[in-house]
Amino acid sequence: MGNKENKQNKNSKKEEKREDQEKQQDKEQHRDERIEANGQVTLDENDKHHKIHLITIIGEIEGHDNLSSSSKTTKYEHVLPQLAAIEDSRDIDGVLILLNTMGGDVEAGLAIAEMIASISKPTISLVLGGSHSIGVPIAVSTDYSYIVPTGTMVIHPVRLTGMVIGVQQTFDYFRQIQNRITGFVCEHCKISKARIEELMMETGVLTKDVGTILVGQEAVEEGIICEVGGIKDAIARLHEMIDRRLAAGDGGCGSRTTDTK
């Protein structure tokens, strides 16, 4: 009788182990599919048991027109609903944004930046290869920002491809777009409007163009990015911000976390 019970227990444990392995495999497959489909994943295997949603902004930020299939793109119609879902979720504790973008559509980039800036949960951005052009507002839209030592940011005026009508109204429209971008950037970091416009109009840095390239520490010194650091620093800071938010009794629907920039 005892041997029979032992055998049943062993079989039961084997079955439970097999089910756990299948669940783990399904979880890893689902994670891989999310990363492949839209560059997003939830980081939830840390010691603090925080759930951090990772969003990548890579390649060119795609607007209303589809880019070629050979281009690496970030589609705003994928990112915006996910940001709304993050804000509405009780499970997600914080958001980590990884950037390696050449810029792209101004309207789409500003829409993403405004959404990130309005999230009530702690947010961190990390500039990796680069965060150029309209990627700058996205990089500064979070509560705190990092850039790796070799990361770059390109600051330049608004450009438009295709046919342009050479009338005063067109130039006024360009100025309006540029004011929207500089206004957002200045509101979310330490750089002044006069200084960012000076960087935009620099003629001695970019070949055959106007603008400025900032590398790593230079972006920090200009007051655009908070600190030079890597993924370890970004995740550690995000955990600290989540802990402070939870300690304050804000479980997910309170006021926006503040962190000095």
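For the single chain, residues carry numbers from 1 onward in sequence order.
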Between Ile61 and Ala108 the two heavy atoms that sit nearest each other are CG2-CB, 4.0 Å
When rounded to the nearest 0.5 angstrom, what distance separates OG1 in Thr182 from CG in Leu199? 12.0 Å
Can you give the donor-acceptor pairs under 3.5 Å from side chains of residues 219-233 to other protein atoms, not counting sequence neighbours?
unit_1: Glu222; atom_1: OE1; unit_2: Arg195; atom_2: NE; d: 2.9
unit_1: Glu222; atom_1: OE2; unit_2: Arg195; atom_2: NH2; d: 2.6
unit_1: Glu227; atom_1: OE1; unit_2: Tyr144; atom_2: OH; d: 2.7
unit_1: Asp233; atom_1: OD2; unit_2: Gly230; atom_2: N; d: 2.8

I'd like to know if the side chain of Ser125 and the backbone of Ala139 have a donor-acceptor N/O pair within less than 3.5 Å. yes
I need the His156 NE2 to Ile213 CD1 distance, nearest 0.5 Å. 10.5 Å
Can you tell me how far CD1 of Ile242 sits from NE2 of His50, rounded to the nearest 0.5 angstrom? 5.5 Å
Start with the C-alpha distance between Ile124 and Thr142, add both sets of side-chain angles, then the distance that settles side chain to side chain contact (heavy atoms under 4.5 Å, CB included), and finish with yes or no. CA-CA 5 Å; Ile124 293 277; Thr142 54; 5.5 Å; no
Under the rule for side chain to side chain donor-acceptor pair (under 3.5 Å), what residues qualify as partners of Glu197, not counting sequence neighbours? Lys193
Run the side chain to side chain contact (heavy atoms under 4.5 Å, CB included) check on Met241 and Lys121 step by step: do they pass? CA-CA 9 Å; Met241 293 165 64; Lys121 299 176 183 183; over 6 Å; no
As an exercise, state the distance from OG of Ser89 to NZ of Lys51, rounded to the nearest 0.5 Å. 7.5 Å
Heavy-atom check, side chain of Val127 versus side chain of Val148, under 4.5 Å: no
With the 4.5 Å side-chain cut-off for hydrophobic clustering, are Ile138 and Met200 part of the same group? yes
Would you check if Ser120 and Arg245 make a side-chain contact, meaning some heavy-atom pair closer than 4.5 Å? yes
Heavy atoms only: give me the nearest Ser141-Ala113 pair and the separation to one decimal. CB-O, 3.4 Å
Phe184 and Pro137: which non-hydrogen atoms are nearest, and at how many Å? CE2-O, 3.3 Å
Rounded at 0.5 Å granularity, tell me how far CD1 in Ile147 sits from OG1 in Thr150. 8.5 Å
So, does Thr123 use its side chain to make a donor-acceptor pair with the main chain of Asp143 at under 3.5 Å? yes
Does one hydrophobic cluster hold both Met153 and Met102, with members joined at side-chain heavy-atom distances below 4.5 Å? no
Do Leu96 and Ile55 pass the side chain to side chain contact (heavy atoms under 4.5 Å, CB included) test, and can you show the C-alpha distance, the side-chain angles, and the key distance before you say yes or no? CA-CA 6 Å; Leu96 176 62; Ile55 295 178; over 6 Å; no
Partner of His132 under side-chain contact (heavy atoms from CB on, under 4.5 Å), chosen from Ile155, Val154, Leu214, Leu99: Val154
Show the numbers, then the answer: is there a side chain to side chain contact (heavy atoms under 4.5 Å, CB included) between Ile116 and Val95? CA-CA 9 Å; Ile116 295 170; Val95 185; over 6 Å; no
Working to the nearest 0.5 angstrom, can you tell me the gap between Ile134 CD1 and Leu110 CG? 4.0 Å
Are any non-hydrogen side-chain atoms of Ile52 and His239 less than 4.5 angstrom apart? yes
Ile196 side chain reached by Ile181 side chain, heavy atoms, under 4.5 Å: no
Between Val215 and Thr152, is any pair of side-chain heavy atoms under 4.5 Å apart? yes
